[in-house]
S.K.: 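Got a structure for you, written out below as structure tokens; questions coming shortly.
Keep in mind that what you see is a predicted model, and the values were worked out from it rather than measured. Within every chain, numbering begins at 1; the chains are lettered A, B, ... in the order of the sequence lines, protein sequences first and strands thereafter.
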Amino acid sequence: MLWTRKDLLDLQSLSVEEITAVLDTARAFRAVGERTIKKVPALRGKTVINLFIEPSTRTRISFELAAQRLSADVINFTAEASSLKKGETLKDTARNLEALNADFIIIRHSAAGAPHFLARVLNAHVVNAGDGAHEHPTQGLLDIFTMREKKGSLQGLRVTILGDILYSRVARSNIWALRKMGAHITLCGPPTLVPRIFEQMECRVTSDLEEAIADADVINLLRIQHERQRKTMFPSLAEYSSLFGINRARLAATKPDVLIMHPGPINRGVEVDSEVADGERSVILEQVTNGLAIRMAALYLVNGGQAASTETPEQAAA
Amino acid sequence: MGIEPTWPAWKAGALPLSYTRNGPDHTGRACVVKSGAYKLRPMNSLLLLQGRVIDPSQGLDAVTDILIRDGKVAALGEGAAAQAPPDADRFDATGRIVCPGLIDLHVHLREPGQSSKETIATGTAAAAKGGFTSVVCMPNTVPPIDSPSTVALVHERVASEGRVNVYVAGAISKGLAGEELGPMGSLKRAGVVAVTDDGHCIQNNELMRHALEYSTMFDLLVMDHCQDYSIVTDGVAHEGYYSAMLGLRGWPAAGEELIVARNILLAERTGARVHCQHISSAGSVRLLRKAREQGLPVSGEACPHHFTLTDAALAGSDEFWRKDGQAVLISGKSSSALPFWPAYDTHVKMNPPIRAAADREALLEALADGTIEVISSDHAPHCNYEKDVEFDDAPFGITGLETELALSLMQLYHAKRLGLSELIARFTTGPARLLKLTGKASLKPGSDGDVTVFDPDVEWEFHREDTAGKSCNSPFYGWPMKGKALATIVAGRIVWRDPDRAASESIQQQNQTNPTSRKNKKI
């Protein structure tokens, strides 16, 4: 068995074999998405609850669709409409959902570690859909899946992650997964958003954009989460864009086959110009497609499904 | 001569630690709360025999006897036994350390208003069990202790329910709001031994300056919880590798150091005595050391959790034991038996936060060289359901009274950083000098008969079901501990006695009793 975990909480704790199992299984599920009938019966009769305590559209929809394509029943639960507003604790809310025989809880929460907390108190499978500034494991997986599909291998790949690292769960999931898979990571942005402490996670940290992107194979642009930031992190979006925004001129100084990635939603004109976001090196929409396959693979594996192997990528879908 | 078995004396004194909320007591019997009952009994005499008496107040370290009579130390030394009245209770302290009663100047007893977390009865029971004969309770209660009437209420509750001495710290600012000066003079008259807004920090430097200036009129110690809100913001964990890795909002060390520096500058300007509570960072230690070298009236305290744990504990027990926990282990303990906790365990969330290994090292050095002269627990009880939430949402703080002595012995005495006498001083003369307590922290004849008897070498484990306090928010359950209070004596009354060892001691003593001495034995 390549996968024995009840939950998917973070990428830090996964082994190379486990990460590879998810990627290989996702490849098989991506093939399912290209068929005319896009549904498989893997989770028929199972109930998946999207417990989103923090607003999200794309991740929630991606998980919802992934569960549906696996034939599970899905319920969406958002904080605005919930008892959490009435003062019920997260633990009580989740245990109530479990009492309704939910099999999966997919949780998005503003508090780091909230999925880990739930995983300890629930028998249901818990999948982390983003916890505070900690991790967003399915995003990290879909990012490295996209890199692997495009570049063949992650070993020795030079990946530059640009922007708001400090507050980014996407950055942390990317860092762990890329490190484990043998890639070289550069983090770039203003020191207020990219503190030196990340050097202790075996990343190169720099505020020099030109240096950071010159030899990069992949540039993963993170969204400037201006709604989360304090006023003192950087002066203005305009200044950020002038210092770190990726535009056509800057792209010209990179490797010709560099991949431009972004977890979305994009702030056009801030971290990336439209002509780059929509340009030929951009794989931003492919990431979205791959995200669906990754989430199908994640749900399938935590449910006890057999992982596909690299040699026979179509097996799991068969 | 015959030594009176201590067990009957203990029973007669209604003294076994007893409480109802946590079920049966340590001996397995259901029992009722009798806290405070000992105070109603007529004054007695207690003779402590042949303990190794260590009293930093007089530089004493010798095996000898102590007689406590009518609540005061009546005699110390060779002649003490001879002066004992025939009906004196006797306590064989052979092989034990006997020292002035330990004092903890930073404890949250949660009364009035938060008795679901702790009460004066349960909090002082925990103190007694931990070897503490005196505690100072913090004013961040509901309502806060910011008026003479609240002080009086606490004193009243202590008189009826307290098991050990309780001193009260009053608020610096009205309602702990940090805006207006509280009634320091009236509080002093009502009996407070210090003022503090603990749990909060006065951000307004002018108010702090005036508080300090005003305090000099009463020579009252001003204690400060050092936290600059503007830089700490909503931080929940030490800003460093682990906060970055775990995605927890950082509580930077500079947030403490800025206020420590401010307090030093204001102490220099006003001449007031400032005490920095629960110092947690190496930078604070550096500032404090320099200020004290200059002779400024500033002091600091350190808590066992800050000099035992590190931020690696945030990532779970595996990470902690693999990294920074090595320095804490008692040699000979197998790593498989070590306690487990998960990542994001809210029982390692406190304010200020547990910091990096270098900070822990700096605190231990500061305790060793006297830069920090006081050890306190910052005993902060919270209900289970309050801690059983997401890390961000959990309240800061852990209980500490029952593990304080053991962790201090492990990290300082057994780690060969401090001798027993210096360690005892951190719990006795250190706090007593700052608080200007009279009659405490000494075994000189005429002092209050407060004594702690402990064994620094007893190995034990702290278990949830043994908790004397009302709350169980300790990260130290299941930890291998070394060193334990075996008896706590307040004004000559044994208010707590280790039940396991009390039983075995009494048997031992009966075996030792020879036929000639048996006739002298009181039945």
Side-chain angles (χ1 to χ4, degrees), chain A residues 9-13 53-54 84 87-95 107 109-121 128 130-136 165-173 175-176 179 187 193-203 205 228-233, chain B residues 228-255 310-319 322-324 340-349 353 355-358 382-395:
Chain A
L9 303 177
D10 53 56
L11 300 187
Q12 187 193 354
S13 56
I53 316 292
E54 198 185 55
L84 289 162
E88 190 179 49
T89 65
L90 175 65
K91 182 179 174 179
D92 285 333
T93 300
R95 290 178 70 174
I107 179 173
H109 198 294
S110 61
H116 302 68
F117 170 69
L118 274 197
R120 291 201 299 275
V121 299
N128 182 3
D131 60 327
H134 178 227
E135 283 215 41
H136 191 349
I165 307 296
L166 182 59
Y167 290 103
S168 173
R169 50 192 170 218
V170 177
R172 285 168 183 78
S173 284
I175 289 168
W176 291 116
R179 257 178 70 176
L187 306 176
L193 297 180
V194 190
R196 290 265 161 210
I197 198 83
F198 281 87
E199 285 175 350
Q200 291 180 35
M201 292 184 211
E202 295 173 29
C203 298
V205 173
R228 266 171 203 253
Q229 266 145 19
R230 303 182 215 297
K231 291 183 175 109
T232 54
M233 303 300 276
Chain B
D228 184 314
Y229 294 170
S230 69
I231 193 166
V232 173
T233 61
D234 49 2
V236 294
H238 171 60
E239 185 181 295
Y241 172 72
Y242 288 101
S243 68
M245 183 187 98
L246 295 166
L248 292 170
R249 290 190 299 275
W251 195 131
T310 66
D311 58 351
L314 296 165
S317 51
D318 291 352
E319 182 78 4
R322 190 167 60 242
K323 298 261 179 68
D324 303 335
F340 168 85
W341 65 92
Y344 300 100
D345 190 335
T346 58
H347 292 103
V348 293
K349 178 179 177 181
R355 298 200 184 273
H382 292 293
C383 302
N384 287 348
Y385 68 85
E386 294 174 297
K387 279 286 197 181
D388 198 11
V389 294
E390 302 91 302
F391 195 89
D392 284 359
D393 295 343

S.K.: Any carboxylate oxygen within less than 4.0 angstrom of a Lys/Arg side-chain nitrogen, looking at A:Arg169 and A:Glu54?
M.R.: yes
S.K.: Looking at B:Arg249 and B:Asp392, is there a salt bridge between them, counting it only when a charged N and a carboxylate O are closer than 4.0 Å?
M.R.: yes
S.K.: Output all residues satisfying side-chain contact (heavy atoms from CB on, under 4.5 Å) with A:Val194, sequence neighbours left out; order by chain, then residue number.
M.R.: A:Ile165, A:Leu187, A:Val205
S.K.: Pick one of side chain, backbone, both or neither for A:Gln12, based on which atoms fall under 4.5 Å of a heavy atom in chain B.
M.R.: side chain
S.K.: Please identify each residue that fulfils side-chain contact (heavy atoms from CB on, under 4.5 Å) with B:Ala356, with sequence neighbours left out.
M.R.: B:His238, B:Asp311, B:Asp359
S.K.: Can you say whether B:Ala244 sits under 4.5 Å from chain A via the side chain, the backbone, both, or neither, judging by heavy atoms?
M.R.: both
S.K.: A:Leu118, A:Thr89, A:Leu90: which one forms the most heavy-atom pairs within less than 4.5 Å of chain B?
M.R.: A:Leu90
S.K.: For each of A:Met201, A:His134, A:Lys91, tally heavy-atom pairs with chain B at distances under 4.5 Å, and name the one with the top tally.
M.R.: A:His134
